[in-house]
2 protein chains.
Amino acid sequence: MSSQQNAECCEPTLSEALSPDRAAELARSFKVLGDPVRLRVLSLIAARRGGEVCVCDITDAFDLTGPTISYHLRQLREAGLVDCERRGTWVYYWIIPAKLGLLSQFLDPADTVTPTAGA
Amino acid sequence: MSSQQNAECCEPTLSEALSPDRAAELARSFKVLGDPVRLRVLSLIAARRGGEVCVCDITDAFDLTGPTISYHLRQLREAGLVDCERRGTWVYYWIIPAKLGLLSQFLDPADTVTPTAGA
DNA sequence: AAGCTGCTTAGAGAATCATCTAGACAACAT
DNA sequence: ATGTTGTCTAGATGATTCTCTAAGCAGCTT
């Protein structure tokens, strides 16, 4: 675990020029979000009251094999978007809101120069 | 142009279960954001005072050929993240804040159940 | 301990993607 | 009209991705 390499002081927004390193880091997160299955998995986890979902429930919700779901969960995990814990037989996943918040804020147009009304 | 197919009434957030169609639509946007070059291009456009950037300025900022930049700009355009207009010799690009806002809000953890502190 | 179930890892194959070169179109200049 | 410059399209290619099957580990049950 520990997937944050370049934790810098300030969270970037689109309105500030992005260094190549920072861009690569953010792009990796967005790329992980850029798959419909992963987005649905993430949504399924986030929508769950209690915040935790068993892998078996996720697998049941899709027409995909277990290994495929496992692959997508790993992508989400390695991107720092979710974390998991084994409890006995089952493995439970939950989302990491801080990471989502960082990405959300990066895209937030409130922090971004509005075109044709720029200040 | 006109890339919004299923404009529904409410913008989705992660906290609500995502339909496969909606997930596919959102994933396409995030996939476009999931490339470091495109993210830097978008940042370069968004950071520009006045909100508009000539393609030639973008191309100059990268160690990539013109066609490659053009390819990425097309991806951004088809995702509805930017739009462009030709003015004489040059083509100018600007971002579309509404689209960014939609994606930002989708990821906003304020709209999302916090794990272990769920409602 | 032997077997069963839940989940992950390993490896393979088809599809998609990012990049390039070559060529085309658009607008301006001479 | 012809040439020059800015941008885009077409086609090709190596790399990456998503999915599967097969096999492995972890923990429970008997």
Side-chain angles (χ1 to χ4, degrees), chain A residues 1 3 18 20 23-45 48 52-79 81-94, chain B residues 1 3 18 20 23-45 48 52-79 81-94:
Chain A
M1 326 258 164
S3 61
L18 209 51
E25 194 183 340
L26 283 162
R28 190 145 36 90
S29 298
F30 285 123
K31 181 182 292 187
V32 167
L33 293 175
D35 179 280
V37 172
R38 282 193 290 268
L39 224 43
R40 284 173 64 201
V41 168
L42 201 65
S43 158
L44 197 149
I45 299 174
R48 187 64 138 253
E52 290 184 346
V53 184
C54 172
V55 171
C56 57
D57 289 337
I58 301 172
T59 306
D60 284 352
F62 291 85
D63 242 5
L64 294 167
T65 64
T68 296
I69 296 297
S70 197
Y71 162 75
H72 287 300
L73 285 171
R74 169 134 83 145
Q75 303 296 113
L76 290 166
R77 225 186 310 132
E78 288 179 351
L81 291 163
V82 303
D83 202 356
C84 66
E85 185 184 35
R86 165 163 233 137
R87 267 178 236 142
T89 303
W90 293 280
V91 176
Y92 293 88
Y93 277 77
W94 58 88
Chain B
M1 327 266 164
S3 59
L18 209 52
E25 194 183 341
L26 282 162
R28 189 146 36 91
S29 298
F30 284 123
K31 181 181 290 186
V32 168
L33 293 174
D35 178 279
V37 172
R38 283 194 290 266
L39 224 41
R40 285 172 63 202
V41 168
L42 201 65
S43 158
L44 196 148
I45 299 174
R48 188 63 138 252
E52 290 183 347
V53 184
C54 171
V55 171
C56 58
D57 289 336
I58 301 174
T59 306
D60 284 351
F62 291 85
D63 242 5
L64 294 168
T65 64
T68 296
I69 296 297
S70 197
Y71 162 74
H72 287 301
L73 285 170
R74 170 134 80 145
Q75 301 297 111
L76 289 167
R77 225 185 312 132
E78 289 178 351
L81 291 162
V82 304
D83 203 356
C84 66
E85 185 183 38
R86 167 162 233 135
R87 268 180 235 138
T89 303
W90 293 281
V91 176
Y92 293 89
Y93 277 77
W94 59 87

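Letters go in sequence order (proteins before strands), and every chain restarts at 1.
- The two residues B:Arg48 and B:Glu52 have their closest heavy-atom pair at CG-O, 3.3 Å.
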- [ ] Decide side chain to side chain donor-acceptor pair (under 3.5 Å) for B:Tyr92 and B:Arg86; before the verdict, give the C-alpha distance in whole Å, the side-chain angles of both, and the deciding distance to 0.1 Å.
- [x] CA-CA 6 Å; B:Tyr92 293 89; B:Arg86 167 162 233 135; over 6 Å; no
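- We find that CZ of A:Phe30 is positioned 19 Å from C1' of C:dC17, with the value rounded to whole Å.
- In this structure, the nucleotide among D:dC8, D:dC18, C:dT8 sitting nearest to the side chain of A:Val55 is C:dT8.
- Residue B:His72 places none of its side-chain N or O atoms closer than 4.0 Å to OP1 or OP2 of C:dC17.
- Contacts between residues 61-71 of chain A and DNA chain D, defined by a heavy-atom separation under 4.0 Å, are made by A:Leu64, A:Thr65, A:Pro67, A:Thr68, A:Tyr71.
- To the nearest angstrom, C1' of D:dT19 lies 12 Å from CZ of A:Arg38.
- Nearest to the side-chain atoms of B:Tyr93 among the listed nucleotides D:dC8, D:dC18, C:dC7 stands D:dC8.
- Applying the 6.0 Å contact sphere to CG of A:Asp63 captures no more than 12 heavy atoms from other residues, nucleotides or ligands.
- Every salt bridge (Lys or Arg N to Asp or Glu O under 4.0 Å) that A:Arg74 has, sequence neighbours left out, goes to A:Glu78.
- Between the CZ atom of B:Arg74 and the C1' atom of D:dT9 there is a distance of 7 Å, given to the nearest Å.
- For the OP1/OP2 pair of C:dC17 and a distance below 4.0 Å, the side-chain nitrogens and oxygens of B:Lys31 include at least one atom meeting the criterion.
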Open item on the list: Output one letter per nucleotide in nucleotides 24-30 of chain C: B when a protein non-hydrogen atom lies under 4.0 Å from the base, S when only the sugar-phosphate is that close, - when neither is.
Closed with: ---SS--
